[in-house]
Protein chains: 2
Amino acid sequence: MARKRVTLAQVASEAEVAVSTASLVLSGRGTEVRISEKVQERVRATAARLGYRPNAVSVGLRKGSTSTLAFVSDSVASSRLAGEMIKGAIEAARDRGYMVFVGETGGNLTLERQLLDAMVDRQVDGIVLASMLTHGRELPTGLDSTPTVLLNIAVDGDPGMPVVLPDELQAGRDAASALVDAGLTDIHLIGSGPRPEDVRTISAAAHLRLQGILEVLDAHGLTPSSGHAINQWLPPEGFRAANEILDAGTPQAIVCFNDRLAMGVYQAVQARGLRIPEDVSVVSFDDASIAAWLRPGLTTVALPHRIMGKRAAELLIDSIEHDRAHPDGPAATGVHLVPMPVRVRESIRAHD
Amino acid sequence: MARKRVTLAQVASEAEVAVSTASLVLSGRGTEVRISEKVQERVRATAARLGYRPNAVSVGLRKGSTSTLAFVSDSVASSRLAGEMIKGAIEAARDRGYMVFVGETGGNLTLERQLLDAMVDRQVDGIVLASMLTHGRELPTGLDSTPTVLLNIAVDGDPGMPVVLPDELQAGRDAASALVDAGLTDIHLIGSGPRPEDVRTISAAAHLRLQGILEVLDAHGLTPSSGHAINQWLPPEGFRAANEILDAGTPQAIVCFNDRLAMGVYQAVQARGLRIPEDVSVVSFDDASIAAWLRPGLTTVALPHRIMGKRAAELLIDSIEHDRAHPDGPAATGVHLVPMPVRVRESIRAHD
DNA sequence: CTGTTAGCGCGTTCAA
DNA sequence: TTGAACGCGCTAACAG
């Protein structure tokens, strides 16, 4: 087990040069300090022959920076999202030579504290703090001593660090526009509404999506025909709300606040022998995988989790490397809105 | 930014003891080497006052072990699974004081090599190598120099390291039994079959599930009424296969090789005005989230991804710590089958 | 019982 | 142009 790694000293001794010479050559600064091409070649050859790889732990201790990022999220049940964000972040990190520690807190603040400490102990160069539900929350302390980016965490006031958020407001507008542009005017809401204050969840998405929808409706002189503010956005709730609507007559269109609610709506509509989109149009949010699997395909405004994760890691690395170059410069900051693209499928039918 | 961390030397100097004394005390071995209670208290107090935390990088360099694991997977599109495995592993690791580096290769062997190297450079204590589709594959070289556990990777011959796999064979038996025990005898297969060799995917799951199903059927003097070997296990394919079956008459029961196929089956069955389970019983595999959302709830044999991840991390840590205690003992090995529990919902109806 | 010393593997002065 | 020496922060021998 663990056959000993070859060290720089071994390479140097084998190549009959001093350790510092080997170090210089292998870090690419050989020519810069004018080490003879012959010696450089010899060092490189023996390094390759011995399979030398620098010990990153030692380099980390020496340089104080480890090319390592921390990704800490609270990902609860609805976790598919988390996975994509993490992947996006890992991918971006890898492209820039960083590795990432991943931690999950399950919303437990004590655990979060421990995880963050453990990561800082391991000298991570920066932290992505992610949440699965965008609601405001208290930030852990001590984040100001390490570059940090907030991912999918809406915070009141200026957190003094970059924040990556999906553009839910525009998503709301786009969803409503998709319906209105199709000539639909009898529009029902399932998830939140009908009034701006009718929101039952802590998610910031609910407020913003609703606001965007109402804004567009209002611009066309419309108001929601009904609204069903719901706490849990799952298929059974969508099913129930859809039935309430259907009991009062066939609606032209329904906006679901996420795809799982839409799934329940499909079930209720189809159970009555009605057809989507011929009888009722449906639009939704998230673009979870079921959106493509439903029949007919569900038109939905996608939450680009992977891109968000990627964006967060990129901002973080930019910030780390900027800090390194300008230690006394101002810290990076600002809200970065990631656009939510509309995935057009077959659940909306143009109305004359 | 990055206000300097307090070091052990500072604590020692502040507490007016030698560094080694402070080290001993803070690592809990103070009493063991009989350091006066008074001194110990003083050291602990100043450490706490200064907010001292050991620098894990330094410890790693010194001890050669970093309390860090690598989790490398190839997770392709069907990624929800990966997320759960990772979480299980992270959770188990955290419980035992380990942190985990996560990497994704997307099936790219070059990338895998780089990732593995980068992790080994960072002195990880062990590696979990995971795959999303269980098919046999070549193992990267050099894995024998670091403790490794294979997760969801079936390999021909003895890999010389622990392997964690779901018990697909038993799952196949259980799925078939659920139907047979309900008195159903007209059983159709969607995904693989009807003969043992009718498998169109590289996934090991397909073979084993089929084998388990056929075994039970055979034990009851039954054979599949039809089998539909499919390459891509997605709803449209399930829909199409179900229609083929329905065109020939109403089947008593259908076994779907995963929940997405089952979703397509639901769509086809319900589009014809038939009802599940009154007219057709359905059983499936995976227990993806749609299984619970479908109406009626889909009875399915769950793939316990989280538990598998957890198990892999535990085995890995056991192996690491065992190696440390017995450096010349034999390496851990063996295949660890994780049971796949049946989630009984409402898609099977007893037949007289 | 406590303090001194020597590295872990590497990068970086500073002399030669 | 190259080599010797120091130190990042910590642990583990070994003296005292």
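Convention: sequence-line order gives letters A, B, ...; per-chain numbering from 1. Computed over heavy atoms, backbone and side chain alike; hydrogens, waters and symmetry mates excluded.
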Spacing of A/R53 atom CZ relative to C/dC10 atom C1', expressed in whole Å: 15 Å
Backbone of A/V19 reached by a side-chain donor or acceptor of A/T21 within 3.5 Å: no
Interatomic distance where CD belongs to B/E16 and C1' belongs to C/dG3 [whole Å]: 14 Å
Any donor-acceptor N/O pair, A/R5 side chain to A/R53 backbone, under 3.5 Å: yes
Salt bridge present between A/R29 and A/E32 (N-O < 4.0 angstrom): yes
A/S27 side-chain N/O to C/dT12 phosphate OP1/OP2 under 4.0 Å: no
Nucleotide of D/dC10, C/dG9, C/dC1 approaching A/T7 most closely (side-chain heavy atoms): C/dG9
Sugar-phosphate, base or nothing in reach of A/L61, heavy atoms under 4.0 Å: base
Sugar-phosphate only, base, or nothing, as touched by A/V19 at under 4.0 Å among non-hydrogen atoms: nothing
Between P of D/dT2 and CD of A/E32, the distance in whole Å: 15 Å
B/R62 vs C/dC8: side-chain N/O to OP1/OP2 distance below 4.0 Å: no
Interatomic distance, A/K63 NZ vs C/dG9 P [rounded to whole Å]: 18 Å
Produce the list of close N/O pairs, under 3.5 Å, pairing protein atoms with atoms of nucleotides 13-16 of chain C; give distances to one decimal.
none

Salt bridge A/R42-A/E14, side-chain N to carboxylate O under 4.0 Å: no
Phosphate-side-chain proximity, A/S23 and C/dG11, N/O vs OP1/OP2 below 4.0 Å: yes
All N/O pairs under 3.5 Å across the protein-nucleotides 14-16 of chain D interface:
none

Backbone N/O of A/L143 and side chain of A/T146: donor-acceptor pair under 3.5 Å: no
D/dG3 phosphate, OP1 or OP2, under 4.0 Å from A/T21 side-chain N/O: yes
Per A/V59 side chain, nearest of listed nucleotides D/dC10, D/dT2, C/dG11: C/dG11
Aromatic ring proximity B/F101/A/F101, centre distance under 6.0 Å: yes
Residues A/R113 and A/T141: side-chain donor-acceptor under 3.5 angstrom: yes
Sugar-phosphate, base or nothing in reach of A/V57, heavy atoms under 4.0 Å: nothing
Touch class at under 4.0 angstrom, heavy-atom based, for A/L8 against every strand present: sugar-phosphate
5'-most by nearest nucleotide on DNA chain C - A/S58 or B/V17: B/V17
salt_bridge(A/R96, A/D318) N-O dist < 4.0 Å: yes
Donor-acceptor pair, side chain of A/E104 and main chain of A/V72, under 3.5 angstrom: no
